[in-house]
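Input: a single structure, listed below in structure tokens.
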Amino acid sequence: MSLPHAILTALLEKPSSGLELTRRFDKSIGYFWSATHQQIYRELGRLEEAGLIRALPSEQPVRGQRKEYEVLAAGSAELARWIGESQDPKPIRDPLLLRVRAAGVVGVRGLGPELRRHLELHRRQLAQYRAIDERDFPPGRDADEDRVRRLVLHGGLALETFWLSWLEEAVAEVDRLSAEPREEPDGPAAEPGGRAVEPGGR
């Protein structure tokens, strides 16, 4: 389970409340590991019960005030252990790939617009990653921590570049197939229910 480790990572970078974590997930970690507000709050409770984080004491306790959390030594040790843990690569499970495979059986009609929509979405995502790269990693910013963080961003850039290349190929192929007349199956036609009808027959 990676969500608790994503939360530990974010809290080590900066102690935060659950709401702040949600916002930070949306702007950074959420690009490769998403979580809802409820999931984050639920995981914070589990991490606190496990002794991996603690709520920071407030100078002026107020009922309903947001609690900020920080990582304890046990949490840092758990994150370090998890980093070196063996884990096999996850297979790609994208519904679009399955839909393309299904189009090989029933035909590509209607698939082109959806492929173009995905192509535009990945173009926007690539542009966003490039903007983040330019904004957050200007020339000369090469501290060890920044270099490792940039590796994650470069992974996202490479992945979006792959999707653009594949989708451009897929759009061209689907357009070509859509322009070709479909071949009718050989043999006598069949009536509803499956009974074959010879040409000129009843």
Side-chain angles (χ1 to χ4, degrees), residues 1-7 9-10 21-40 42-43 82-137 147-199:
M1 182 68 175
S2 297
L3 179 56
H5 299 97
I7 291 175
T9 300
L21 278 175
T22 301
R23 291 171 177 164
R24 290 174 61 199
F25 263 66
D26 289 342
K27 294 179 180 178
S28 57
I29 293 175
Y31 285 118
F32 53 90
W33 194 270
S34 60
T36 66
H37 187 69
Q38 291 80 7
Q39 287 173 324
I40 288 174
R42 188 161 54 242
E43 203 58 56
W82 178 73
I83 288 171
E85 189 178 70
S86 176
Q87 187 175 51
D88 293 335
K90 299 289 185 182
I92 297 176
R93 298 184 63 183
D94 192 304
L96 183 63
L97 297 176
L98 181 57
R99 291 161 72 181
V100 172
R101 180 67 182 85
V105 179
V106 299
V108 298
R109 183 178 179 182
L111 183 59
E114 181 66 357
L115 289 173
R116 285 184 171 81
R117 188 177 73 86
H118 277 257
L119 181 60
E120 181 58 30
L121 289 172
H122 283 286
R123 280 176 178 156
R124 292 178 192 171
Q125 190 66 77
L126 180 60
Q128 189 171 11
Y129 284 164
R130 285 173 174 166
I132 292 172
D133 193 18
E134 184 176 344
R135 181 195 69 206
D136 293 349
F137 301 100
R147 291 168 69 91
V148 174
R149 286 176 176 172
R150 198 174 189 186
L151 281 175
V152 180
L153 181 58
H154 282 183
L157 287 164
L159 186 59
E160 293 304 321
T161 301
F162 155 75
W163 277 114
L164 284 180
S165 176
W166 180 82
L167 282 162
E168 287 168 354
E169 178 187 1
V171 166
E173 186 65 18
V174 167
D175 284 351
R176 183 187 67 79
L177 292 171
S178 298
E180 294 178 354
R182 263 190 101 176
E183 295 183 4
E184 295 296 330
D186 296 330
E191 287 184 342
R195 186 169 65 88
V197 180
E198 296 297 335

For Arg93, does the CZ atom sit with more than 12 other heavy atoms under 6.0 Å from it, leaving out its own atoms? no

From Leu126 atom CG to Leu159 atom CG, the distance as rounded to the nearest 0.5 Å: 10.5 Å

Rounded to the nearest 0.5 Å, what separation is found between the CD atom of Gln125 and the CG atom of Leu157? 9.5 Å

For Asp136 and Leu153: C-alpha separation, side-chain torsions, deciding distance, then whether side-chain contact (heavy atoms from CB on, under 4.5 Å) applies. CA-CA 10 Å; Asp136 293 349; Leu153 181 58; over 6 Å; no

Look at the side chain of Ser165 and the backbone N and O of Thr161, then say whether any donor-acceptor pair between them is shorter than 3.5 Å. no

Between CG on residue Asp133 and CZ on residue Arg150, distance to nearest 0.5 Å: 4.0 Å

Salt bridge between Arg124 and Glu120, side-chain N to carboxylate O under 4.0 Å? yes

Nearest-0.5 Å distance that lies between atom CG in Leu3 and atom OG1 in Thr36: 8.5 Å

Pair Val108-Arg176, side-chain contact (heavy atoms from CB on, under 4.5 Å): steps then yes or no: CA-CA 10 Å; Val108 298; Arg176 183 187 67 79; over 6 Å; no

Are any non-hydrogen side-chain atoms of Leu121 and Trp163 less than 4.5 angstrom apart? no

Atom of Pro4, atom of Glu43 and distance for their closest heavy-atom approach: CB-OE2, 3.7 Å

For Glu85, does the CD atom sit with more than 12 other heavy atoms under 6.0 Å from it, leaving out its own atoms? yes

If I take atom CD from residue Gln39 and atom CZ from residue Phe25, how far apart are they, to the nearest 0.5 angstrom? 9.5 Å

Before giving the answer on side-chain contact (heavy atoms from CB on, under 4.5 Å), spell out for His5 and Ile83 the whole-Å C-alpha distance, their side-chain angles and the decisive distance to 0.1 Å. CA-CA 9 Å; His5 299 97; Ile83 288 171; over 6 Å; no

Would you please test Val100 and Val174 for side-chain contact (heavy atoms from CB on, under 4.5 Å) and show each step? CA-CA 10 Å; Val100 172; Val174 167; over 6 Å; no

Is the count of non-hydrogen atoms from other residues, nucleotides or ligands lying under 6.0 Å from Arg101 atom CZ greater than 12? no

